[in-house]
Structure formats: structure tokens, C-alpha cells
Protein chains: 2
Amino acid sequence: MTDARTPPHDGPESRFLSGYDPHAFAPAAVTVDVVALTIRPEGDAGEDGARRAGTPHVLLTRRAAHPQRGWWALPGGFVRAEDGPDGPADPDLPDAALRVLSEKTRLPTELHLEQLGTYGARGRDPRMRVFSVAHMLLAPDLPDPHSGRDTEEAAWVPWSGLGLGLGEDTRADRDLAFDHGRIIADAVERARSKLEYTALATAFLPSAFTITALREVYQAVWGRTLHAANFHRKILATPGFVEDTGELAEHGGPGGGRRARLYRAGGAALLHPPLLRSTQ
Amino acid sequence: MTDARTPPHDGPESRFLSGYDPHAFAPAAVTVDVVALTIRPEGDAGEDGARRAGTPHVLLTRRAAHPQRGWWALPGGFVRAEDGPDGPADPDLPDAALRVLSEKTRLPTELHLEQLGTYGARGRDPRMRVFSVAHMLLAPDLPDPHSGRDTEEAAWVPWSGLGLGLGEDTRADRDLAFDHGRIIADAVERARSKLEYTALATAFLPSAFTITALREVYQAVWGRTLHAANFHRKILATPGFVEDTGELAEHGGPGGGRRARLYRAGGAALLHPPLLRSTQ
DNA sequence: TCAAAAGTGTTGTTCTTACACCCATGA
DNA sequence: TCATGGGTGTAAGAACAACACTTTTGA
């Protein structure tokens, strides 16, 4: 690829650049927002207390500063475009996303980060024109967050209660700042869809996991139960999805049960064939 | 959703905003780039001259201004963040993408525009930190482009020759400005992948089309021939992909052949089941 | 010893694929 | 009338879904 090589006309170009005033443009700010998704053991839905398979959560913060002080929002912040008093410039957008997230929670060693999209409608921030590059981060069970600069409070919030249409009663949405409700909805839909045709589900799990744990990720994200036996076979029949570690889980199930084999993520990024959720 | 509603603490918030200086941030520019894809009748690959089913093309321009003057680049330009002497602000990113593209070619009435992603690595533009929001636009056979402001030349360029790994010999890549080679590669991969599980292929076709024309879109984008009879059946078996217009094509094939039935795009956005390209 | 969970067998159904064949049209 | 492309029939094989069943573990 031809990434920012020296252009063919060097003389005029360097003369042009030296006379260039970067402040001549209308002010616009670029921020990163991170939709951090994880699966935590107990949600708010403990129907009978019997089986707690984990429910999906998103990391939210309460804004301590204007604008929209006191509202729940995604962790985010301005991209450092150039070196300055606050610190060195962010080399690229993923670096900025990890930097702002590390102010809210400890980052796991293994994580999946991808860009979701950029939101730049006029009027979405009352201060000025803001372009927010949203990212989605998937990680295994993360610890409780800590408050940071500009943040009163940070918490893992279950997807239920955010009105994402997973079949739960769409109760009492929290008030989300800016257009962060839409960004979270886009992230959740992206995650649900990518579970079908990529090996993304392993990003929610530690380095060694059982097929049942993998199935519980699918069930939590899709909000639907899957046939355990057929799921097991299908995962093992998909080349490169998982590979056997040769070890067994420490214990069987909580109320008895065979010890499950442990697998690690395989090399495949795309699943052939995909695990379709279409057929009810 | 809670899009930029009035925040709960109104008094302090408005006092905060009136004292806010938007120029306090480090300068960063936001641009839009458009990867416009279309399928044009004759490419550069006329192997035996017999059948010309159309080849995929991308719209490129030659930069008339610094930086990287003289290099081929995607049509693009700065987002108008606020109203100014050049014109009114772009309400949202898609508006900006259509505006910069309309300076290069006539926009069709029906088109598909979606955001690809934002590219913001340090050093990708020598002038300043630039964040480019790339878009992908699919449209039926578009006319020849016209040159515009800041542009010497604009042309439809076949994907082959850009080194996108479709099996053609990766010959003589054109020199593409900035990281536009990577952006085009990402767009092409996105298009190839979305043809599998969405009804996106119809965006390359006029409002009424034959199943064979639809198959030729798949063949052109995937660079592979498909079984005509089974493709036909599978399209009709996929709910909501196409719907019958009740009419027939004007003519049969160029060398004889039955007149094909005409279809229009159905309402479905996602295909169930998808048209997988995995199995060779 | 019993219930729970892991994992395998099996069978009927659906989907895919390849090939054959008929239909309609232009040269 | 003959070659070409549109469209349907059909049957073998692969994949899928549902259910039964064995194995292993915790209580």
C-alpha cells in the first residue's frame, strides 16, 4: 500500500506546507467513545437463583463535567491530535480509545477492539461540532471500574434496562448523554451479528474455556437458548474456531456433572460455515 | 433514544457554554472520502471479446493541489463543520460525502451510501492531523465523471490493476495518495462480504433487472463464476430479496435466447439464508 | 445413589449441488 | 433451424435438528 509516501513534486510541496496555517479551519473536535462489553456472572435478573450463566454488561460513567453533567455516558474523551501539555499525541484512533478507557477500568491483557463508526450530526454536542469515533471493546469478565478524572461514577450496567430490544420489558431507560443510546444499540447489534460469522465470541472468554462457556456467550448475547449437543458438534466441526488444550476443567458442574474439556481460541477469524441465528 | 436533549442542570450548563472557546483545542481536520463503486460494461480485460459482463470500477481523481499533487486519490474534502463563506454546514457525515462526490460526477437517483470507517493515524497527511471518514457508495452504471475544483482529472478505474487480490496479476498499482489504497481495499472487502448476507447487490443495478444481471454482479464482485440455474433458484427462495415485476426484458441474449423476467429489489435488507461464497 | 452436565449415536428433514432437459428467442 | 441463454426437474450428497443415550462428576 502507498501510505503517505514522499509525493512526486517535492519542492513545491514543502514550500506549500511551511506556509500552511492549521488554525484556518472551522473548529471541530474529534473524540473517541468506547462501548466496552463484557459478560458478568450475576445480572439483575436472578429469576429463581438456580443457574447464573452470566449477562452482558456495558461500561457507563456519570458525567462530572458539563455538558450534560450528571448523565450517564460512554467512557470517552478528546483525541490528542498533537503533542501537548496533557501528554503525547495518540498515534492512532485505537490508541486513543484504549487511553480513555484505561482511565475508567483496568485493561485486560487480551481484548478485542474494533472501530464501530463515527457520529457527527450537527447539534449532537452543544459546545461545538464534535465527531465521535465510537469503538467496541470486548473482553472477558472485567473488574469493577474506578472513577476517574471528569467522572463521578463508573459502573457495569446490564444491557437489559437500556431498551435494546432483546425481549426484556423495555423498562426505565437510563438517561444517556448525547446520542450514546444509539451508539450502544449499534454496538450491540454489531456484536450480535458478528457472533454469527466470526470467532468473536472467544473475545468474551479467558484464554482457556469450555464449549459450554462458549455457548453461554452466544446465549447471553443473542438472548436465546441453543441446543447444547448440536452446538458442541458444530463448534468442533468449524475449522479453526477452537483447538483442544488437552486439559479438563477443574470441576464439573455446580450440582454434579462431568468435567468439560478445555479449548483455546483457534486461528480462524471468519467462520465457515457461520453459526446462523436465523432459524428460531 | 436520548439524542442531545436538554440536560438536567440547565442553569450552570448554559453559563458554561457561553464561556467556552472552541479554538482552545489542538487543530485537527475532519474530511470525508468516498469510495464510489459501480459496474461498467467494458473493463480493460477483454479476453476474447465474446462476453462482456461488466467489471467493477472505482472513481478516482488526480490531485491538482498540494499535498500529493498529481497523485491519484479518492474524491473527498473537508467537512463543513459550521456555516461559513464556502457554504452552509454539512448537517451530517453522509451529507458531506454526497456533497464532495457531486463535485466529481452526477449522482444517481438511487444509491447506497454507508460509512466505512475513520482513518486517523498520525502522519497520514503531512499538513496536520487529519481524520478521514471514509464512505462506500454503490450505484448502477454511472456516467463518466467531470473534473471539479482541486481536481485535474477524474476517471473510473477498474479494481484490477489496484492490486486487491482478486486473482488477477497484481500489476502496476497506481500510486494512490495518502492511505487511499488501504481504504479502497477495505471498501472492496466490505462489499464482497456484504453481498453474502445482505441484499446489497441490487444497489449496483437499475430499478428493474434480471436474475442473470444480479448473478453477474456477484460474479464481478467476487471474481468467480456461479452456477446459473442454482443461483436462480436460490435468489427466488430467499424471502424478500427480489420481487417479480411481471414484465420481461426487451430482448433475449445477444446471440439468441429467451427473454428474462424482470425483478425489482425486495424489502429485505438481510438475507436468510445468506449466499455464501465460502464453498468453492 | 441420584441428579446434573459433558459428550456421542442416530435418524428424519432440509439444504446444496450437479446434471439433464425443455422453452423462447435472435441470427 | 440452430445456437444461445432462461428457466425447471430431479436425484445424490451434505448439513441440520431433534431425540435418545452413555459417561463422569458433585452432593
Side-chain angles (χ1 to χ4, degrees), chain A residues 48-54 196-197 208-219 222 224-239 241-263 271-280, chain B residues 48-54 196-197 208-219 224-239 241-242 244-263 271-280:
Chain A
D48 60 349
R51 178 102 182 93
R52 301 174 172 283
E196 289 192 295
Y197 55 94
F209 53 85
T210 65
I211 300 288
T212 296
L214 185 63
R215 177 168 49 84
E216 284 170 348
V217 168
Y218 275 90
Q219 295 183 153
W222 285 353
R224 134 182 343 178
T225 58
L226 299 172
H227 188 119
N230 290 337
F231 181 86
H232 189 107
R233 249 184 306 240
K234 178 135 193 189
I235 296 303
L236 297 184
T238 303
F241 197 171
V242 298
E243 52 189 38
D244 199 336
T245 64
E247 301 185 357
L248 296 180
E250 291 291 313
H251 311 287
R258 193 162 152 180
R259 289 165 65 197
R261 213 180 288 251
L262 287 173
Y263 295 85
L271 303 182
H272 289 299
L275 274 76
L276 301 176
R277 59 177 156 158
S278 55
T279 48
Q280 324 229 28
Chain B
D48 59 349
R51 179 106 183 89
R52 303 175 172 281
E196 289 191 295
Y197 55 94
F209 53 84
T210 65
I211 300 288
T212 296
L214 185 63
R215 177 168 50 85
E216 284 170 347
V217 168
Y218 275 89
Q219 295 183 153
R224 135 179 344 176
T225 58
L226 299 172
H227 188 119
N230 290 337
F231 181 86
H232 189 107
R233 247 185 308 241
K234 177 134 194 189
I235 296 302
L236 297 184
T238 303
F241 197 171
V242 298
D244 200 337
T245 63
E247 300 185 357
L248 296 180
E250 291 291 312
H251 311 286
R258 195 162 152 179
R259 290 164 64 196
R261 214 179 287 249
L262 287 173
Y263 295 85
L271 303 182
H272 289 297
L275 274 75
L276 302 175
R277 59 177 157 158
S278 55
T279 48
Q280 323 231 28

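The structure presented is a predicted model; accordingly, all values stated were derived computationally and were not measured. Per chain, numbering begins at 1; letters A, B, ... match sequence-line order.
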- Which whole-number value in Å describes the distance from B:Phe231 CZ to C:dA18 C1'? 17 Å
- Sorted by chain and number, sequence neighbours left out, side chain to side chain donor-acceptor pair (under 3.5 Å) with A:Tyr218 holds for none
- Item | Residue list, ring-ring contact (aromatic ring centres under 6.0 Å, His included) with A:Phe241, at least two apart or on another chain | none
- Query: Over how many whole Å does the gap from A:Leu276 atom CG to D:dA17 atom C1' extend?
  - Reply: 14 Å
- Task: Report the distance from atom CG of A:Leu226 to atom C1' of C:dA6, rounded to the nearest whole Å.
- Result: 16 Å
- Item | Rounded distance [0.5 Å steps], NE2 in B:His272 versus CG in A:Leu276 | 8.0 Å
- Item | All side chain to side chain contact (heavy atoms under 4.5 Å, CB included) counterparts of A:Arg233, not counting sequence neighbours | A:Ala229, A:Asn230
- Query: What does nucleotides 18-27 of chain D look like as a protein-contact string, B for base, S for sugar-phosphate only, - for none, at under 4.0 angstrom between heavy atoms?
  - Reply: BB---BBBSS
- Query: Whole-Å distance between D:dA17 C1' and A:Arg215 CZ?
  - Reply: 15 Å
- Query: Whole-Å distance between C:dG9 P and A:His232 NE2?
  - Reply: 11 Å
- Between B:Lys234 and A:Leu262, which is nearer to the 5' end of DNA chain C once each is assigned its nearest nucleotide? A:Leu262
- Item | Whole-Å gap separating P (D:dA17) and CD1 (A:Ile235) | 13 Å
- Partners passing side chain to side chain contact (heavy atoms under 4.5 Å, CB included) against A:Glu243 (at least two apart in sequence or in another chain): A:Arg264
Sequence neighbours excluded and cut-off under 3.5 Å, please list the side-chain donor-acceptor pairs for residues 252-259 of chain A, or say none.
residue	atom	partner	partner atom	Å
A:Arg259	NE	A:Ala249	O	2.8
A:Arg259	NH2	A:Ala249	O	3.4

- Figure out the CG/P separation between B:Leu214 and D:dG7, and round it to whole Å. 12 Å
- Query: With respect to the phosphate group of C:dA6, does any side-chain polar atom (N or O) of A:Thr212 fall under 4.0 Å of OP1 or OP2?
  - Reply: yes
